[in-house]
Amino acid sequence: MKHYFFCLFSLFFALGCTQIQTPQISQSINKCPTPLANVHINSISATQNDLNISSEEIKNLMNENLKDNCFTLEDTQDTYMVNISYSTSLKSTSEDKIASSKQQSQAASEVKISLKKGTITRTFIGTSNIELSGKKILSIGSDAKITPEIKNESIAKAFKAAYESMIKSFE
């Protein structure tokens with residue numbers, strides 16, 4: 001009987017000490033001494049939007065990234081028209097057994113930033129994929145739940161990757 005309680009206590013202790021690890025975003029902002037180009041946001045559109053990211057959130061990401069002084073929002077003759085398209089997907093799988101269950105969730109984002117000036121079009125793509133897994137034994141353990149923070153992190157990482165590619169193309 002003591003062994004039974006010891007095993008049960010050890011199991012609960014081990015499950016209680018485990019945590020889902022979420023990746024951390026380290027966003028180092030490039031500071032450009034002078035703007036590389038003038039840009040004007042022409043359109044923002046979603047092709048697939050499982051994470052329910054709004055166009056306004058994408059616009060906010062653009063404005064946040066523009067704080068690095070690499071591009072200026074202006075509508076002059078020498079301006080690149082910016083078209084942003086994005087797609088997000090959410091996938092979940094679960095495997096249930098008699099005393100345990102496993103869950104896996106995946107939040108994926110892709111952002112395409114197209115710059116057009118005259119007949120020249122430049123396209124930059126950024127992607128992000130965040131996977132979570134959780135395991136429960138006797139209904140005790142962790143879920144693989146995609147939170148709003150993870151959704152925002154996924155789209156922010158994809159946007160940042162496309163934006164940084166855009167900067168590198170002008171250097």
Side-chain angles (χ1 to χ4, degrees), residues 18-94 102-134 142-171:
T18 60
Q19 294 179 3
I20 296 176
Q21 295 180 356
T22 57
Q24 299 295 321
I25 297 177
S26 64
Q27 293 186 354
S28 60
I29 296 178
N30 272 344
K31 295 289 183 189
C32 297
T34 60
L36 302 170
N38 296 327
V39 296
H40 176 73
I41 299 174
N42 188 42
S43 69
I44 299 174
S45 61
T47 54
Q48 178 182 349
N49 197 2
D50 292 348
L51 299 181
N52 297 320
I53 303 296
S54 70
S55 296
E56 193 62 36
E57 290 176 77
I58 299 297
K59 189 174 183 179
N60 290 340
L61 285 171
M62 181 67 163
N63 290 331
E64 186 65 32
N65 281 282
L66 286 173
K67 290 180 181 178
D68 66 2
N69 196 39
C70 293
F71 298 96
T72 55
L73 274 176
E74 288 184 15
D75 194 7
T76 64
Q77 245 180 356
D78 193 34
T79 298
Y80 285 91
M81 299 305 282
V82 177
N83 296 313
I84 302 171
S85 65
Y86 61 98
S87 97
T88 62
S89 66
L90 179 63
K91 295 177 185 169
S92 293
T93 59
S94 64
K102 250 188 214 181
Q103 282 186 321
Q104 285 192 310
S105 296
Q106 177 184 43
S109 300
E110 180 180 84
V111 175
K112 291 181 186 176
I113 302 175
S114 296
L115 298 179
K116 185 173 183 174
K117 183 176 175 183
T119 58
I120 299 171
T121 301
R122 299 176 178 186
T123 302
F124 309 95
I125 300 173
T127 59
S128 173
N129 191 12
I130 298 175
E131 293 184 21
L132 297 175
S133 60
S142 59
D143 284 327
K145 185 177 179 183
I146 301 294
T147 62
E149 292 81 18
I150 291 172
K151 292 177 184 181
N152 292 336
E153 179 180 336
S154 177
I155 196 71
K157 287 173 85 174
F159 191 92
K160 188 70 172 175
Y163 184 81
E164 291 200 1
S165 294
M166 192 169 81
I167 291 172
K168 288 178 184 173
S169 76
F170 281 93
E171 292 177 342

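Positions are given from 1 along the sequence. The structure presented is a predicted model; accordingly, all values stated were derived computationally and were not measured.
- Judged by distance alone, with hydrogens and angles left aside, the side-chain atoms of Tyr86 form a donor-acceptor pair with the main-chain N or O of Ile53 at under 3.5 Å.
- Taking Thr93 as the reference, Gln104 meet the side chain to side chain contact (heavy atoms under 4.5 Å, CB included) condition, with sequence neighbours excluded.
- Inspection of the Asp50 and Thr88 side chains reveals no N or O donor paired with an N or O acceptor under 3.5 Å.
- One distance of note links CD of Glu153 with NZ of Lys160; it measures 14.0 Å at 0.5 Å rounding.
- Of the N and O atoms on the side chains of Ser54 and Glu56, not one donor lies less than 3.5 Å from an acceptor on the other residue.
- Taken from CG in Asp68 to CD in Glu164, the straight-line distance is 8.5 Å, to the nearest 0.5 Å.
- Thr127 is listed as a side-chain neighbour of Ile125, based on a closest heavy-atom distance under 4.5 Å.
- The closest side-chain heavy-atom distance from Ile150 to Leu51 is not below 4.5 Å.
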Residues 37-47, side-chain donor-acceptor partners within the protein, below 3.5 Å, at least two apart:
unit_1, atom_1, unit_2, atom_2, d
Asn38, OD1, Thr72, OG1, 2.5
Asn42, ND2, Asn83, OD1, 3.0
Ser43, OG, Asn83, OD1, 2.9

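- Close placement of the Phe170 and Phe71 rings is indicated, their centers lying within 6.0 Å of each other.
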For a quick test of your reading: what N or O donor-acceptor pairs under 3.5 Å do the side chains of residues 107-120 make, sequence neighbours left out?
unit_1, atom_1, unit_2, atom_2, d
Ser109, OG, Ser154, OG, 2.7
Ser114, OG, Thr123, OG1, 3.3
Lys117, NZ, Asp78, OD1, 2.4

Evaluate side chain to side chain contact (heavy atoms under 4.5 Å, CB included) for Lys102 paired with Ser133, printing each intermediate quantity in order. CA-CA 7 Å; Lys102 250 188 214 181; Ser133 60; over 6 Å; no

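- Within the model, atoms OG of Ser128 and CD1 of Ile130 stand 4.5 Å from one another, a figure rounded to the nearest 0.5 Å.
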Where do Glu57 and Asn152 land on the side chain to side chain contact (heavy atoms under 4.5 Å, CB included) test, with the steps shown first? CA-CA 9 Å; Glu57 290 176 77; Asn152 292 336; 3.4 Å; yes

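- Although no hydrogens or angles enter the test, the distance criterion places no donor-acceptor pair under 3.5 Å between the side chain of Ser105 and the main chain of Ser92.
- Residues Arg122 and Tyr80 have side chains in contact (heavy-atom distance under 4.5 Å, counting atoms from C-beta outward).
- Considering only heavy atoms from C-beta on, Asn60 stays 4.5 Å or farther from Met62 through its side chain.
- When all heavy atoms are compared, the tightest approach of Cys70 to Tyr163 is CB-OH, 4.2 Å.
- Atom CG of residue Leu61 and atom NZ of residue Lys59 lie 13.0 Å apart, to the nearest 0.5 angstrom.
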